[in-house]
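Note sheet for the following structure.
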Protein chains: 2
Amino acid sequence: MYFTLYMSIDKKEHIMEVAVALFAEKGYEGTSIRDLAHEADVNIAMINYYFGSKEKLFVALLENKARFMRERIDAVQSDPSLNELEKINQIIDGYVDRFLSQPAFHRVLQQELLVSNRELLHQNVIALFTKNTQDVVSIIEKGVRKKIFRKVDSQLLFASIIGTINQVMLSRSMCNILLKNEPGTNPYQDPALKKRITQHIKQMVQDHLLIHPALQKQK
Amino acid sequence: MYFTLYMSIDKKEHIMEVAVALFAEKGYEGTSIRDLAHEADVNIAMINYYFGSKEKLFVALLENKARFMRERIDAVQSDPSLNELEKINQIIDGYVDRFLSQPAFHRVLQQELLVSNRELLHQNVIALFTKNTQDVVSIIEKGVRKKIFRKVDSQLLFASIIGTINQVMLSRSMCNILLKNEPGTNPYQDPALKKRITQHIKQMVQDHLLIHPALQKQK
DNA sequence: TTGAATTAAACAAACGTTTAATTAATTTTT
DNA sequence: AAAAATTAATTAAACGTTTGTTTAATTCAA
């Protein structure tokens, strides 16, 4: 339950904030309008009044959050001052930063990828990922053509980068077990985790990509 | 809808087969007993008659399928004829094989990790992964101590291995986009995919782990 | 004839959504 | 600037479905 302070600022956005938290925890089907209304401290009818329906609330939520996801890769990709490895490294930074700073929203996206019940939403979420995938893969392949990189499976390497982060984000308690944290703690609030993940992924990707890693590392 | 042929063989198992397929597609909350009964071509009351409740059906389903997941890693871990890299490679084979051969069940597990609504089920699924995690991590760390491997982040490397497979398994249509397949096809039925995934992961892990990869690869 | 398997029907509870009435805010008219 | 008219926001209650589950009757097998 939140304070009424929030409502006076922007009620619609307040509802969306509560919704993303609840959807992340209980899933879309597992969250009822009544739960949501109670948690956001608004009348049940207000959700349909503002958004039209539960599903439209979900779509509004996606569109609201998804905008922030694109920018950085676009900027990195078209930067001529970066070589391919530097681009990949910056993209890794970007993904880790994005995913870890919005764990609830990330969880909602993953759920929607995993469940293909609501076909329209499913396709919406997939469209979000498609362009990013193509961009990153083409950067790797350019590096391969330039003989900076070894001949690798660029598509699956992208899967490894994203998949590593997703694996850590999959479940709070599984993450704690993996990292041998105290059970019950929120691992995503630990600032050291972000650094640790980026370092691991960058090192692994570099080892995999570079033809002479020992030489490159000295620079 | 299935033929009644199945029912005469083992009705209970038939229901579980249909259930895992439906849960995988629509999620646990998104699948109703009526859907399930209709799809399995049994009376609605039969599901509670056999399993007691929807949630107990879910647990029965987990317990039934989960047994198969442990064996191989146990066998590999205690095999003295294998060095650490060979053990890791065999474990990669094992995971890819398991995950890709049972995509529906895998999907159900992932959903339950992602949603912490039903706390008991959630903890059950996490327990499944815990021992495997510890085993694999300790194999990597043994290799590091023996100076066969570089000093790596063993826990996150395990996350990368599992995460790569999970990423491919996340969504059929996203997998098709990633691999540039024809949309609508079932990528997990392609036997070449399994080989491709294992090759990529093994190569990436090896590049990351081995101190002198060029030397090692010649043997 | 006894017990298990199967059925259609009904159960209460919860679901997303809508309604109709009321209050609050804004705009228009005087 | 005050009063009136209009629109927007908010509410409690009810809507019709669907949910998981149970009942009581019936069929089937041993």
Side-chain angles (χ1 to χ4, degrees), chain A residues 1-23 25-62 108 111-112 115 117-121, chain B residues 1-23 25-62 108 111-112 115 117-121:
Chain A
M1 188 85 79
Y2 289 68
F3 293 101
T4 44
L5 166 67
Y6 286 109
M7 313 205 314
S8 57
I9 296 174
D10 194 350
K11 207 163 194 169
K12 206 172 167 181
E13 222 156 291
H14 170 63
I15 293 175
M16 285 166 72
E17 282 305 314
V18 176
V20 76
L22 282 183
F23 287 161
E25 193 190 329
K26 301 158 176 275
Y28 175 79
E29 316 268 5
T31 304
S32 73
I33 297 280
R34 282 171 181 80
D35 282 352
L36 176 50
H38 178 255
E39 207 72 17
D41 201 22
V42 298
N43 189 276
I44 317 167
M46 293 310 293
I47 283 142
N48 283 318
Y49 178 77
Y50 275 129
F51 298 95
S53 72
K54 188 187 179 186
E55 183 152 359
K56 281 179 188 166
L57 158 63
F58 195 107
V59 173
L61 203 149
L62 286 189
V108 173
Q111 285 173 17
E112 207 53 36
V115 176
N117 205 6
R118 302 167 291 280
E119 193 57 33
L120 188 70
L121 288 183
Chain B
M1 190 85 78
Y2 290 68
F3 294 101
T4 45
L5 165 68
Y6 287 109
M7 314 202 317
S8 56
I9 297 173
D10 193 350
K11 207 164 193 169
K12 205 171 167 181
E13 222 157 292
H14 170 62
I15 292 174
M16 286 166 72
E17 282 306 313
V18 177
V20 76
L22 282 182
F23 287 160
E25 194 190 328
K26 301 158 176 279
Y28 174 79
E29 316 268 7
T31 305
S32 72
I33 297 281
R34 282 169 182 81
D35 281 353
L36 175 50
H38 177 256
E39 207 72 18
D41 202 21
V42 298
N43 189 277
I44 317 168
M46 293 310 292
I47 284 143
N48 282 319
Y49 178 76
Y50 276 129
F51 298 96
S53 72
K54 188 188 178 186
E55 184 150 359
K56 281 180 187 165
L57 158 64
F58 195 106
V59 173
L61 201 148
L62 285 188
V108 173
Q111 286 173 17
E112 208 53 33
V115 176
N117 206 5
R118 301 167 291 281
E119 192 57 34
L120 189 70
L121 288 183

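Letters A, B, ... mirror the listed sequences (proteins, then strands); counts begin at 1.
The shortest distance between side-chain heavy atoms of A:Arg118 and A:Glu29 falls below 4.5 Å.
Here the side chain of A:Asn43 is nearest to one of C:dT6, D:dT19, D:dT11, namely D:dT11. The side chain of B:Arg34 lies closest to C:dA10 when the candidates are C:dA10, C:dT6, D:dA12. Nearest nucleotide to the side chain of B:Lys54, out of C:dA8, D:dT21, C:dG16: D:dT21.
The nearest whole Å value for the distance from the CD1 atom in A:Ile33 to the C1' atom in D:dT17 is 15 Å. Atom CE of A:Met46 is separated from atom P of D:dT11 by 7 Å (rounded to the nearest Å). To the nearest angstrom, C1' of C:dA20 lies 16 Å from CG of A:Asn48. Distance, B:Lys56 NZ to D:dT21 P: 9 Å, rounded to whole Å. The separation between A:Tyr28 atom OH and C:dC15 atom P is 13 Å, rounded to whole Å. One atom, OH of A:Tyr49, and another, C1' of C:dT22, lie 13 Å apart when rounded to the nearest Å. C:dA25 atom P lies 11 Å from atom NZ of A:Lys11, rounded to whole Å. Distance CD1 (A:Ile44) to P (D:dA14): 13 Å, rounded to an integer number of Å.
In this structure, B:Leu57 and B:Leu36 approach most closely via the heavy-atom pair CD2-CD2, 3.5 Å.
Using the six-membered ring where Trp is involved, B:Phe58 and B:Tyr28 have ring planes that are perpendicular, over 60° apart on the 30 and 60° scheme.
Annotation: cation-pi geometry not satisfied between A:Lys56 and A:Tyr50 (NZ/CZ under 6.0 angstrom from ring centroid, within 45° of ring axis).
Residue A:Ser32 places at least one side-chain N or O closer than 4.0 Å to OP1 or OP2 of C:dC15. Remark: A:Ser53 is not in phosphate contact with C:dG16, judged by side-chain N or O atoms under 4.0 Å from OP1 or OP2.
Comparing A:Asp35 and A:Gly52 by the nucleotide of DNA chain C that holds the closest heavy atom to each, the one mapping nearer the 5' end is A:Asp35.
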